[in-house]
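In what follows, a structure is listed as structure tokens, so that the remarks can point back to it.
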Amino acid sequence: MKKINIILAILLLLAAGCGGNKSGNQTDELITVDVTASYPKKELILQDFMDVEYIPLETNNDFVCQGFVQAVGKDIIVVKNRVNDGDIFIFDRTGKGLRKFNRLGKGGEEYAFILGIAIDEDNNEMFINSHSSRRILVYDLFGNFKRSFQHKEGGMYNKIYNYDKEHLICQQEFFPTYDPESNRNSVFIISKQDGSIKEVEIPFEKKISTVMMLQDKEMTYSNGPRNCIITPFQNNWIIAEPSADTVYRYLPDNSMRPFIMRTPSVHSMKPEVFLYPGVLTDRYYFMQIVKKEYDFATNRGFPRTDLMYDTQEKAIFNCTVYNGDYTKRPVTMFRDPLNEEIAFWQSLNAEDLVESLEKGHLKGRLKEIAATLDEESNPVIMLVKHRK
């Protein structure tokens, strides 16, 4: 197995070297990560390498929400509640409430459980992933139904993003009960018009599920790490199939280049240890190691280690990142991505901000915003953006 993986990595690296540079800023360097190793610790301040924008969401009788951001465009922010009540709120980029709608239901033009929303402002369209009914429903940005299409037969999408003007990119989870042959691939390029599918084929030996399941009398319980395996980076997408030992760049011409090689092979480990990408910047590549262990009695498990590869120092660190505007407040670099501009978002609870302001823990723009809030205000949305 080890010999096969080494040969595959060499062949992929040679193929990448022959392909030319198709993304102006990218490098062909192949990083190797030992998921069993101990790495030195390092601390970073978020504002030293990312731009941070704070947006207080307007609060009034019509706009009271939990601030669970779904999509951010040039002009609007799409927000839902963490509970599945069906409400979708549209704010402008300053946080002013514009409108809201609710199409929750069981009808042909209604969504069930929302698990991800993508927007296409140029075409005035919103794509809602109705997870439990295995459909993507398309509405205009005012909530008027336009069309819908099914998930891949036998599968279920758990994340959707804009890929280009004509397509979405979708990720699905693989459960132990799924057929490994018909669900071998985890990432799909989906037509925005009719849902037709192109599967992204990542080479690996055997499909491995990241989900753990427990059968208790007539009930089946399951849990998984829920990490995102796709993230935009330098006009490409980084794809980390958990069953593969190589993380790839997926290029616009549908070709792939090896990006990160993990060792030892995931197929040689029991329990398995998975490697997921996090935020990727020009200098820092954040990664997370997740061990496939879970205790259903305590609801605790999937222990994680946060890593960072520094492209200048050519070294890997066990890294913690702090928000420079919030005294000793760590920031996770492993949230779901939004788009090429915005690496990720975080919802800051108004009550926590008011309390932190009183304790003198805030500064800068965040301190100014917190001074205008009360405990009943909507959250403040923190957008973490790539530095240009």
Side-chain angles (χ1 to χ4, degrees), residues 1 4-5 8 12 111-116 118 127-137 148-161 163 167-192 194-215 219-231 237-250 254-256 258 262 265-277 288 290-294 302 336-337:
M1 167 60 66
I4 292 174
N5 285 331
L8 176 59
L12 288 169
Y111 44 77
F113 186 87
I114 301 174
L115 195 57
F127 300 84
I128 296 180
N129 181 26
S130 182
H131 181 257
S132 55
S133 60
R134 303 192 182 195
R135 291 192 303 154
I136 292 178
L137 296 98
S148 68
F149 39 85
Q150 297 294 127
H151 288 187
K152 177 182 178 291
E153 184 177 357
M156 183 181 289
Y157 307 151
N158 60 3
K159 300 183 190 295
I160 67 169
Y161 302 100
Y163 181 72
H167 301 89
L168 303 170
I169 186 168
C170 303
Q171 168 189 327
Q172 79 164 352
E173 183 57 87
F174 176 74
F175 287 89
T177 55
Y178 282 11
D179 174 25
E181 289 304 316
S182 61
N183 287 280
R184 183 175 177 84
N185 300 317
S186 302
V187 179
F188 313 110
I189 309 299
I190 309 296
S191 167
K192 290 180 178 179
D194 60 13
S196 55
I197 298 170
K198 172 182 171 50
E199 301 194 20
V200 178
E201 298 184 5
I202 302 294
F204 57 87
E205 179 189 356
K206 182 181 178 182
K207 190 73 174 181
I208 299 173
S209 174
T210 60
V211 175
M212 296 194 69
M213 303 188 74
L214 173 68
Q215 185 69 43
M219 291 291 293
T220 300
Y221 302 91
S222 66
N223 210 323
R226 297 184 177 88
N227 287 60
C228 193
I229 66 171
I230 52 178
T231 188
W237 283 80
I238 302 302
I239 299 179
E241 162 59 53
S243 302
D245 293 328
T246 304
V247 178
Y248 294 90
R249 288 179 182 266
Y250 185 72
N254 301 321
S255 64
M256 291 188 301
R262 55 83 50 80
S265 170
V266 66
H267 296 275
S268 71
M269 305 185 78
K270 289 294 181 183
E272 294 93 343
V273 174
F274 303 107
L275 178 68
Y276 294 102
Q288 192 171 66
V290 182
K291 191 174 185 179
K292 190 179 177 182
E293 289 183 339
Y294 191 79
F302 297 108
D336 291 352

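It should be emphasised that the depicted structure is a prediction, and the values quoted were computed from it without experimental measurement.
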Requested in this report: Apply side-chain contact (heavy atoms from CB on, under 4.5 Å) to Arg249 and Ile238, showing your working.
Outcome: CA-CA 5 Å; Arg249 288 179 182 266; Ile238 302 302; 3.6 Å; yes

**Report entry** Ile190 side chain reached by Phe149 side chain, heavy atoms, under 4.5 Å
**Finding:** yes

Query raised in the report: With side chains defined as the heavy atoms from C-beta onward, is the minimum distance between Tyr276 and Pro242 less than 4.5 Å?
Result: yes

**Report entry** SB check Glu241 Lys207 (cutoff 4.0 Å)
**Finding:** yes

Query raised in the report: Is there a donor-acceptor pair under 3.5 Å between the side chain of His151 and the backbone N or O of Tyr157?
Result: yes

Requested in this report: Look at the side chain of Gln150 and the backbone N and O of Arg134, then say whether any donor-acceptor pair between them is shorter than 3.5 Å.
Outcome: yes

Query raised in the report: Are any of the side-chain heavy atoms of Met256 and Ile239 separated by less than 4.5 Å?
Result: no

Report task. Indicate the atoms forming the closest heavy-atom contact of Ala240 with Val247, along with that distance. Result -> CB-CG2, 3.9 Å

Query raised in the report: Can you name the closest pair of heavy atoms from Ala118 and Leu168 and give their distance?
Result: CB-CD2, 4.0 Å

Query raised in the report: Excluding sequence neighbours, so at least two apart, what forms ring pair (Phe, Tyr, Trp, His ring centres under 6.0 Å) with Tyr178?
Result: Phe175

**Report entry** Donor-acceptor contact below 3.5 Å, side chain Ser130 vs main chain Arg135
**Finding:** no

Report task. Indicate the atoms forming the closest heavy-atom contact of Ser265 with Asp245, along with that distance. Result -> OG-OD2, 2.8 Å

Report summary line: In terms of heavy-atom contacts, Ala244 and Pro203 come closest through CB-O, 3.7 Å

Query raised in the report: If only atom types and distance count, is the side chain of Ser222 paired as donor or acceptor with the main-chain N or O of Met213 below 3.5 Å?
Result: no

Query raised in the report: Looking at Phe204, is Arg184 sitting on its ring face, NZ or CZ under 6.0 Å from the six-membered ring centre and within 45 degrees of the normal?
Result: yes

Report task. Consider only side-chain N and O atoms of Thr220 and Gln215, and report whether a donor and an acceptor are under 3.5 Å apart. Result -> yes

Query raised in the report: For the side chain of His267 and the backbone of Ser243, is there at least one donor-acceptor N/O pair under 3.5 Å apart?
Result: yes

Query raised in the report: At their closest point, which heavy atom of Asn185 faces which heavy atom of Ile202, and how far apart are they?
Result: OD1-N, 4.1 Å

**Report entry** Atom CD of Glu153: over 12 foreign heavy atoms under 6.0 Å
**Finding:** no

Query raised in the report: Can you name the residues that form a side-chain hydrogen bond (donor to acceptor under 3.5 Å, both in side chains) with Asp179, not counting sequence neighbours?
Result: Ser182

Requested in this report: Verify whether one side chain among Tyr294 and Asn223 offers a donor that lies under 3.5 Å from an acceptor in the other.
Outcome: yes

Requested in this report: Please report the closest heavy-atom contact between Phe302 and Val290, naming both atoms and the distance.
Outcome: CB-CG1, 3.9 Å

Query - Gln171 (side chain) donor-acceptor with Cys228 (main chain) under 3.5 angstrom - result: no

Query raised in the report: side-chain hydrogen bond (donor to acceptor under 3.5 Å, both in side chains) with Asp194: which residues, sequence neighbours excluded?
Result: Ser191, Ser196

**Report entry** Audit row: Asn227, Phe274, side-chain contact (heavy atoms from CB on, under 4.5 Å) steps and yes/no
**Finding:** CA-CA 10 Å; Asn227 287 60; Phe274 303 107; over 6 Å; no

Query - Enclosure of Lys152 NZ (heavy-atom neighbours >12, cutoff 6.0 Å) - result: yes

Query raised in the report: Does a side-chain heavy-atom distance below 4.5 Å link His131 with Met156?
Result: yes

Requested in this report: Apply side-chain contact (heavy atoms from CB on, under 4.5 Å) to the pair Val200 and Trp237, showing each step before the final yes or no.
Outcome: CA-CA 11 Å; Val200 178; Trp237 283 80; over 6 Å; no

